[in-house]
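One structure below.
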Amino acid sequence: METESEPYVRLASLRQLHQVMADMNTARSLADTLQTVADGVVTALGYELACVNLVRPDGDLVVAAFSGNPAAEALITGRVGSRESWERRLTMGENWGDLVFIPHTEGWVLDDDDVPQWYTDGPAPRFEDEWHPSDRLFAPMYTPAAPGGGACGELIGVLSVDRPRNGRRPGAWGREALQMYAFQAAIAISNARLRANMQRALVRLEREQQALRASEESFRQAFEYAPSGMAIAEMGGDQHGRILRTNDALCRLLGRPASAMRRYSFSDLVHPEDIGTLLRTSAEGGRAELRLGRRDGTYVWVSLRNSVVADAADGPRFLLTHVEDIEERKRRELQLAHRASHDSLTGLPNSAELRSRLSSRLCQRPQSTHPAAVDAYDSHDAAYAHPAAFDANGHGFDYRPGGGEAYEAYDHHVHTVAPEDVGRDDGTKGLAVLFCDLDGFKSINDRFGHNAGDAVLIEVARRLSRGVRDGDTVARLGGDEFVILADGLGRADAQDLAVRLRNEIIQPIRAEGRAVRVGASFGIGWAHCGMTADEVLKSADERMYVEKRSRPKQHRRAG
């Protein structure tokens with residue numbers, strides 16, 4: 001665009017300028033756009049050198065593109081000038097509209113700043129508008145101004161141009177063309193940056209989606225093919241606890257298809273005795289051991305390990321439950337517990353278990369001697385207790401009449417009483433303790449061996465268990481001694497039970513290929529609160545010996 005043609009501009013030059021601007025807006029990347037901007041200055045605006053200085057995120061400006069001189073391009077491309085130096089340049093010299101022109105007569109003060117530059121020195125101008133090699137012309141590029149935001153927006157870069165081909169400083173039309181070009185270049189660069197940011201965001205989003213899909217697939221496979229049961233349940237709302245999804249291992253464990261499992265919650269499947277454990281575990285997360293129902297009506301012991309899957313905004317959303325089959329371990333634990341509490345030969349509760357069951361029915365008399373405390377203890381019903389001894393729910397509490405002596409609080413307890421303590425004819429029933437000792441057992445051991453003796457003990461245990469009611473306890477105290485706990489019996493009932501059991505025991509027993517017989521002596525004791533388990537057993541044992549001595553020796557065993 002020759003200055004001597006101003007104000008007339010050739011149509012070809014305008015077409016060339018239009019084409020350059022079109023190329024800026026169709027470049028495929030930010031780097032291509034920057035290079036197109038620099039090349040357009042050289043090809044369409046009549047300058048030999050052009051440089052695009054781009055503002056970096058830290059505010060400094062980097063030489064992002066250069067055109068017109070490969071040597072100079074290699075020298076300064078990528079070099080950085082500080083924002084402070086650039087601001088000084090843009091505030092000095094002459095303002096040609098939005099352009100900044102610093103003549104060679106003033107530019108010497110910039111020789112030592114850190115802005116990359118390529119100028120060379122030369123002779124003084126021969127005429128007024130001749131271009132000197134040390135002249136500098138800058139076209140700042142601003143983002144389009146927001147409505148009401150002023151004449152220009154944020155600085156995004158600076159175009160540096162040099163060496164007009166006609167050797168003259170640009171006239172009015174040349175300045176207007178460069179200013180317009182810088183404006184369009186700013187738009188093109190902003191758009192290219194936006195596209196680059198969008199492309200990076202899309203790439204990042206795609207990667208995140210791929211990672212999410214991979215994570216979901218990994219979770220799906222881990223969930224579906226886990227060797228132990230897995231389930232996802234809802235949290236909150238009307239459908240709280242409803243099972244949304246189960247894996248194949250859980251379906252096999254419970255014998256239920258996945259479609260059927262979605263109709264339940266774990267509270268529908270858990271054993272009634274374990275519902276409280278389940279609710280606490282579901283609310284807090286964590287681990288619990290409980291029983292879940294199978295399709296065939298049986299229950300299996302499982303370990304539940306819950307994890308709450310939370311949403312940052314909405315809070316807990318789902319409950320991820322890991323279900324592990326612990327049936328075998330529980331069976332072993334129950335077997336060990338059974339061995340610890342039962343006789344290994346007969347399978348009956350042993351001495352420790354007998355004392356535990358008996359002690360659980362008895363309470364000890366309070367230590368206080370205050371009349372109110374004794375009344376509250378001795379009364380079978382709270383209605384007969386001192387009014388201060390029980391609360392409205394029937395629970396004992398600390399009684400301090402007039403701030404005096406106190407006795408220890410205790411829960412309301414239906415006391416165990418003995419029929420003989422309240423008379424023979426009022427129908428009172430209590431906890432009968434039948435102490436049984438076999439007669440003639442030692443002779444069987446001596447004559448036929450311990451195997452025969454063991455067979456006799458096993459059969460006696462079976463006959464005793466068969467002769468009592470469900471809920472009664474038959475225990476082997478040790479040796480040939482057995483104890484029966486039978487609750488809710490009167491005096492006559494207990495005596496009838498002892499007769500029936502003795503008649504069962506004296507029947508012939510097959511041991512080591514021969515028929516043998518043993519007899520049995522029974523002592524009937526009665527448990528009541530205030531006694532210890534040992535005191536109750538001692539009482540029944542003493543009565544057994546009284547009964548044994550009262551019968552002739554020949555009647556103690558049947559043969």
Side-chain angles (χ1 to χ4, degrees), residues 1-10 13 16-17 20 37-54 61-77 79-82 84-141 155 157-183 185:
M1 190 175 296
E2 304 295 339
T3 56
E4 61 264 29
S5 63
E6 295 178 0
Y8 305 102
V9 181
R10 290 179 297 177
S13 297
Q16 190 176 28
L17 183 60
V20 168
V37 170
D39 292 343
V41 174
V42 174
T43 59
L45 296 181
Y47 294 91
E48 292 182 5
L49 299 175
C51 175
V52 179
N53 300 274
L54 192 65
L61 281 74
V62 61
V63 178
F66 194 94
S67 182
N69 189 323
E73 179 180 359
L75 178 65
I76 68 172
T77 300
R79 292 177 58 187
V80 177
S82 67
E84 180 182 0
S85 296
W86 271 107
E87 288 178 349
R88 184 171 60 160
R89 289 183 174 223
L90 297 179
T91 56
M92 64 181 295
E94 303 174 15
N95 290 326
W96 295 350
D98 290 337
L99 306 179
V100 176
F101 175 71
I102 303 176
H104 66 283
T105 55
E106 302 177 15
W108 63 269
V109 299
L110 304 176
D111 289 346
D112 295 329
D113 68 11
D114 59 1
V115 174
Q117 50 194 0
W118 61 88
Y119 72 93
T120 57
D121 201 1
R126 294 166 297 175
F127 43 87
E128 183 179 355
D129 61 350
E130 183 179 5
W131 184 270
H132 187 272
S134 295
D135 289 341
R136 295 175 175 86
L137 180 58
F138 304 119
M141 297 180 291
L155 180 71
V158 179
L159 273 176
S160 299
V161 300
D162 196 9
R163 299 182 186 176
R165 288 195 181 92
N166 61 8
R168 297 178 179 275
R169 296 176 184 177
W173 285 101
R175 298 174 189 177
E176 185 70 24
L178 180 57
Q179 185 171 307
M180 179 184 65
Y181 186 83
F183 178 77

Pair Arg165-Val42, side-chain contact (heavy atoms from CB on, under 4.5 Å): steps then yes or no: CA-CA 9 Å; Arg165 288 195 181 92; Val42 174; 3.3 Å; yes
Evaluation steps, side-chain contact (heavy atoms from CB on, under 4.5 Å), between Val63 and Val52: CA-CA 6 Å; Val63 178; Val52 179; over 6 Å; no
Could you walk me through whether Asp98 and Phe183 pass the side-chain contact (heavy atoms from CB on, under 4.5 Å) test, one step at a time? CA-CA 10 Å; Asp98 290 337; Phe183 178 77; over 6 Å; no
Dump the intermediate steps for side-chain contact (heavy atoms from CB on, under 4.5 Å) on Tyr181 and Val37, then the final yes or no. CA-CA 9 Å; Tyr181 186 83; Val37 170; 4.1 Å; yes
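Taken from CZ in Arg163 to OH in Tyr47, the straight-line distance is 14.0 Å, to the nearest 0.5 Å. Rounded to the nearest 0.5 angstrom, Arg136 CZ and His104 NE2 are separated by 11.5 Å. Expressed to the nearest 0.5 Å, how far OG1 of Thr105 lies from CG of Asp135 amounts to 8.0 Å. Note that CG of Leu45 is 8.0 Å distant from CE of Met180, once rounded to the nearest 0.5 Å. In this structure, the separation between CG on Asn53 and CD1 on Ile76 is 7.5 Å, given to the nearest 0.5 Å. Once rounded to the nearest 0.5 Å, the distance linking CD of Glu73 with CG of Leu75 reads 11.0 Å.
What you find for Pro103 and Glu94 is that their closest heavy atoms are CG-OE2, 4.2 Å. When every heavy atom of Ala182 is checked against every heavy atom of Met141, the shortest pair comes out as O-CG, 3.6 Å. When all heavy atoms of Val115 and Ser85 are compared, the closest pair comes out as CG2-CB, 3.7 Å. Ser82 and Asp114 get closest at one heavy-atom pair: OG-OD2, 3.0 Å. The shortest non-hydrogen separation linking His132 to Pro125 is CD2-CD, 4.0 Å.
In this structure, Arg89 and Leu110 have side chains that are in contact, with non-hydrogen atoms separated by less than 4.5 Å. Taking 4.5 Å as the limit, some side-chain heavy atom of Pro170 sits within range of a side-chain heavy atom of Leu137. Using a 4.5 Å heavy-atom cutoff, the side chains of Leu90 and Val158 are in contact. For the pair Ser67/Val41, no side-chain contact is recorded, criterion being any heavy-atom separation below 4.5 Å from C-beta on.
Side-chain polar atoms of Asn166 and Trp131 form no donor-acceptor pair below 3.5 angstrom.
Using modelled atom types, no side-chain atom of Thr77 and backbone atom of Ala74 make a donor-acceptor pair closer than 3.5 Å.
By the 30° and 60° cut-offs, the orientation of the rings of Phe66 relative to Trp118 is perpendicular.
Salt bridge annotation for Arg168-Asp129: present, with a cationic side-chain nitrogen under 4.0 angstrom from a carboxylate oxygen.
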